[in-house]
Amino acid sequence: MSNRETGFGKGCHLHLIDGSAYIFRAYHALPPLTRKSDGLPVGAVAGFCNMLWRYLGENGASADAPTHAAVIFDYSSKTFRNEIYELYKANRPEPPEDLRPQFPLTRDASRAFNLATIEIEDYEADDIIATLARQAREAGGRVTIISSDKDLMQLVGGGVEMLDAMKNKQIGVDEVREKFGVGPERVVDVQALAGDSVDNVPGAPGIGIKTAALLINEYGDLETLLERAEEIKQPKRRAALIDNAELIRISKRLVLLDDQTPLDFTLDDLEVRPPDEKALLDFLNEMEFRTLTRRVADHFGTEPPAAPTLSPTASESDAAQASTEQPDFKSADYVCIRDLDTLKTWIARIEEIGHVAVDTETTSLDEMRAELVGISLCIDAGHAAYIPLTHRAGGGDLFGATELVEGQLPLEQVLEILKPVLEDPAILKIGQNMKYDAKIFANRGITITPIDDTMLMSYALHGGLHGHGMDTLSDRYLNHQPISIKSLLGSGKSAITFDRVGIDDATRYAAEDADITLRLWQMFKPRLHAAQVTRVYETLDRPLVPVLVQMERSGIKVDRDVLSRMSNAFAQKMAGLEAEIYDLAGERFNVGSPKQLGEILFDKMSLEGGKKGKTGAYATGADILEDLAAEGHDLPARVLDWRQLSKLKSTYTDALQDHIHPDTGRVHTSYVITGAVTGRLASTDPNLQNIPIRSEEGRRIRTAFVAETGHKLVALDYSQIELRILAHIAGIDSLKQAFREGQDIHAMTASEMFNVPMEEMTPEIRRQAKAINFGVIYGISGFGLARNLRIPRSDAQGFIDRYFERFPGIRAYMDDTVEFAKREGRVETLFGRRIHTPEINAKGPGAGFAKRAAINAPIQGTAADIIRRAMIRVPQAIADLPATMLLQVHDELVFEVAEDAVDTVTARVREVMEAAAEPVLRLDVPLVVDAGMGDTWAEAH
DNA sequence: GACATCACG
DNA sequence: GACGTACGTGATGTCC
């Protein structure tokens with residue numbers, strides 16, 4: 001290949017720079033810079049350029065300067081290794097959105113530095129590096145690989161070294177041996193055994209680098225080891241090797257680099273050339289890297305080219321930029337689009353820029369019933385447009401119906417024109433609470449994608465600090481109070497719908513909303529990185545939007561007759577109870593009024609009981625009435641019965657009927673993604689996450705939730721997920737072991753705590769241990785446990801003390817978590833979701849609440865993250881099956897499935913749910929999912 | 001609109 | 001030593 005007489009050979013020194021690795025490292029190491037003139041993300045490019053410049057500077061002068069150099073990139077994520085093993089690198093998340101446009105720019109950067117820039121389809125950068133390193137070595141030259149990637153360490157030796165440019169650390173044979181426990185020539189054997197969760201190389205289960213090195217050193221090499229696997233004494237290791245021999249061999253093929261990559265150039269083509277002064281400066285200037293441009297210009301002894309930036313005084317910070325360059329809201333330009341030409345001009349501009357803030361105006365907050373009234377768009381701060389579509393004149397005839405106002409483009413036509421834009425994968429649609437708009441569009445046959453959502457960004461950034469509604473965000477982050485919807489619609493009975501709002505007012509309001517959304521997006525987008533919540537936003541929150549859109553639009557079928565019959569039965573029973581209650585009280589009063597009830601019980605009948613706090617009213621909660629009933633008083637007992645029926649009737653059997661959609665015959669709840677600070681969803685209108693189940697009477701309500709004919713409801717729920725997570729986080733070996741062995745965890749806790757053998761366990765002791773287990777998750781206190789178990793506080797404290805004695809790791813977790821929260825003002829889930837705890841350092845009772853919330857949040861939140869991950873993966877897993885995901889109830893998912901697909905769907909969903917933490921997280925405990933099936937939700941659970 | 005109550009995980 | 005408490009939600013009815 002190379003001409004050894006005159007070309008690459010002895011005395012030559014080849015530098016191979018692992019470009020792809022540096023992009024990712026630069027991206028994660030640096031704050032998210034954007035180009036000032038247009039907001040193009042360039043942080044990774046900046047880091048990459050700085051690295052190259054430093055590299056050239058350090059090497060240019062040294063005696064060890066490279067004679068040849070190249071930067072090597074990955075061509076794409078799919079390579080020939082996917083042919084060997086389908087799942088190779090299947091775990092890799094998509095690169096973050098603001099990194100993607102930087103990939104081609106880094107190639108440009110490499111070329112601007114006049115370095116040979118190489119990428120080859122189907123091959124990873126590592127293979128090209130391996131091939132070039134082999135060629136150089138065979139030609140008698142030296143090689144330095146600028147990378148810290150452990151996958152390249154197999155190449156070290158025989159004149160090949162590595163250099164971690166960021167740490168400026170050499171990696172030679174000794175360093176490789178230190179890392180892998182074997183020499184470079186056996187690195188692949190160790191990697192094949194140990195596997196790699198990052199690249200999804202399977203390896204042998206239970207064998208890590210340490211064990212792998214031990215085995216390889218003992219048997220010499222991998223093949224010998226596999227052939228003689230029967231000789232291994234440890235039964236687990238032996239089985240792991242014998243059972244997985246094939247997988248291990250595949251793993252080796254995955255980690256073994258291909259040093260025979262076909263290349264259409266020679267080493268001689270990689271000879272170092274000095275950078276072209278003008279090309280380099282032009283590139284850096286175009287990227288608007290001022291400091292580096294100046295530095296490079298100084299080096300060449302020339303003037304830097306004229307900066308293209310707008311304001312010479314603007315500082316590097318985005319805050320300064322926001323205040324100097326953004327028009328204020330007073331001078332904002334909001335237009336009303338009433339003709340096709342204007343609309344098309346806007347669309348052309350959107351296509352050019354590649355993103356747009358979108359907001360829909362409708363007649364209802366209920367997306368399933370809402371009529372689309374208008375759409376607003378915003379491309380850059382201060383410039384927004386509103387497209388009125390179905391505004392109507394006020395007044396109207398007897399039924400309120402009126403003709404459309406003149407001067408509006410036809411709805412259908414506008415949707416037809418907008419559809420390709422809204423569905424264009426190259427145009428980012430930005431919204432505030434996009435789930436709402438996505439449903440509005442979905443009901444009109446438009447799948448809006450891809451999206452960004454400022455509400456979800458705020459949730460990831462500021463969870464626990466404040467709400468994430470547009471008014472709050474605009475006030476806090478833009479210092480602007482938007483036009484209130486109330487000022488347009490009024491409130492209460494006289495409120496009008498948005499279609500009755502005048503088009504001028506509507507334009508001001510709607511365009512402003514889109515404008516605010518765009519400005520919030522510009523502000524939040526770079527902050528996601530700074531706060532390290534990009535992964536949370538991009539992998540846990542945003543992808544949930546289309547999933548929930550599908551679930552909410554599907555709804556669940558509810559049998560009105562069942563509910564109606566139950567309502568009647570409840571009414572009758574309540575009437576009977578009321579009569580008894582009046583009789584016992586000696587007068588008629590409103591049983592539903594705690595105030596009146598308190599006066600009857602404690603004043604008139606002089607029962608024991610006290611006043612309560614702020615309002616001075618008697619407390620008449622269920623626990624107090626239960627105590628009274630236990631003492632033999634009939635009235636409180638009857639009231640308890642009445643209250644239960646009243647609750648079931650008003651909240652469920654009556655209210656649920658009103659939520660049955662007239663067209664679909666189904667109930668469509670709405671999930672609030674930002675509803676709970678911990679990462680849980682909240683369900684509203686109606687809340688389907690609190691349908692009764694604990695009482696037999698209430699449970700019957702679930703028989704009204706039914707499957708379509710020929711279908712079944714399937715419910716799958718995580719067993720004890722929060723306790724499992726606690727065992728993992730706190731690292732409690734005995735609990736972890738119990739979960740691994742499938743033991744009764746509450747009985748085991750009881751046995752440990754009270755020294756009762758499992759065979760002699762009584763339900764009562766187990767019940768107490770169960771209460772303690774739950775208490776621990778909630779940030780246990782003697783008072784709370786005492787109240788829950790109805791035992792003296794000193795006894796409860798004794799239990800807790802004993803518990804901590806037996807499980808000291810739990811106390812350590814609690815103390816560490818509270819300490820972290822006090823120091824950082826937040827806690828985190830295992831997936832990096834941040835939950836802020838602003839009250840934790842407060843004085844007074846608030847601190848107690850904050851402490852317990854801080855202890856609970858990582859546990860509850862990690863569980864919430866896990867089921868989010870499952871929900872995001874499930875639709876793909878069952879895409880080919882006649883099944884629909886309908887509901888989520890924190891640790892449970894409910895599906896409607898064609899009868900003959902029940903078993904397949906159950907198996908697939910269970911698999912997804914049980915593996916939902918992986919590959920990001922490898923829990924020390926198994927996740928177990930229970931499943932049920934039936935014609936109604938009562939049977940399925 | 002605040003409060004008490006009670007449904008769920 | 002006192003404080004005042006289990007964690008996270010939403011819907012309903014009463015009362016001001």
Side-chain angles (χ1 to χ4, degrees), chain A residues 464 491-492 589-598 612-626 639-640 642-656 658-659 669-672 674-695 697-699 701-702 717-723 726 771-789 793 796 800 814 827 835 843-861 863-864 867 887-892 941:
Chain A
S491 64
F589 67 101
N590 186 344
V591 186
S593 164
K595 183 166 171 278
Q596 293 180 31
L597 175 67
K612 199 182 180 182
K614 302 164 225 169
T615 56
Y618 290 113
T620 66
D623 45 352
I624 290 175
L625 298 191
E626 274 165 28
V639 172
L640 280 169
W642 183 91
R643 277 197 185 158
Q644 194 202 0
L645 297 175
S646 165
K647 181 78 175 186
L648 295 178
K649 182 171 185 292
S650 69
T651 309
Y652 300 104
T653 56
D654 286 353
L656 228 33
D658 299 335
H659 281 287
T669 183
S670 179
Y671 291 100
V672 190
T674 59
V677 287
T678 52
R680 275 194 179 179
L681 300 178
S683 160
T684 65
D685 306 304
N687 181 354
L688 294 187
Q689 290 181 323
N690 71 345
I691 302 302
I693 190 166
R694 292 174 188 169
S695 79
E697 194 100 78
R699 193 186 185 115
I701 290 169
R702 295 193 172 218
D717 69 287
Y718 284 109
S719 162
Q720 312 275 20
I721 186 166
E722 293 190 351
L723 271 179
L726 175 69
I772 295 166
N773 276 334
F774 276 104
V776 164
I777 291 171
Y778 297 151
I780 199 157
S781 72
F783 183 93
L785 183 65
R787 206 177 63 159
N788 189 277
L789 283 176
R793 197 172 155 178
I800 293 170
M814 292 180 153
V827 292
I835 298 135
K843 298 227 186 293
F849 282 110
K851 251 168 97 167
R852 291 190 297 273
I855 291 166
N856 171 261
I859 304 168
Q860 186 183 118
I867 199 165
L887 302 178
Q888 188 250 44
V889 193
H890 308 310
D891 65 358
E892 172 187 7
H941 194 282

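Sequence lines set the chain letters: A, B, ... in the order given, protein chains first and strands last, and positions in each chain run from 1.
Note on A:Arg680: every side-chain N or O is 4.0 Å or more away from OP1 and OP2 of C:dT9. For A:Asn590 and C:dT14, the shortest distance from a side-chain N or O to OP1 or OP2 is below 4.0 Å. Regarding contacts with the backbone of C:dC15, a side-chain N or O of A:Ser593 is found under 4.0 angstrom from either OP1 or OP2.
Residue contacts for A:Ala863: at a heavy-atom cut-off of 4.0 Å it reaches no nucleic acid atom on any strand shown. Within 4.0 Å (heavy atoms only), A:Asn690 reaches at least one base atom of the nucleic acid. Residue-level contact check: A:Ile777 touches neither bases nor backbone, having no heavy atom under 4.0 Å from any strand.
Annotation: side chain to side chain donor-acceptor pair (under 3.5 Å) contacts of A:Arg702 (sequence neighbours excluded): none. Listed by chain and number, the residues in a salt bridge (Lys or Arg N to Asp or Glu O under 4.0 Å) with A:Lys647 amount to none (sequence neighbours excluded). Residues satisfying the side-chain contact (heavy atoms from CB on, under 4.5 Å) criterion with A:Ala853, sequence neighbours excluded, are absent altogether. Looking at residues two or more places apart in sequence or on another chain, you find no salt bridge (Lys or Arg N to Asp or Glu O under 4.0 Å) involving A:Asp685.
Side chain of A:Ala622, nearest nucleotide from B:dC6, B:dG9, C:dC15: B:dC6.
Of the residues in residues 643-651 of chain A, A:Lys647, A:Ser650, A:Thr651 come within less than 4.0 Å of DNA chain C through at least one heavy atom, sorted by number.
Taking the P atoms as reference points, B:dC8 lies 34 Å from C:dC3, given to the whole Å.
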- Task: With pairs defined as Watson-Crick or G-U wobble and both distances under 3.5 angstrom, please note down DNA chain C as a dot-bracket string, | for pairing with another strand.
- Result: ......|||||||||.
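Side-chain atoms of A:Arg852 come within donor-acceptor range of the base of C:dT5, with a qualifying N/O pair under 3.5 Å.
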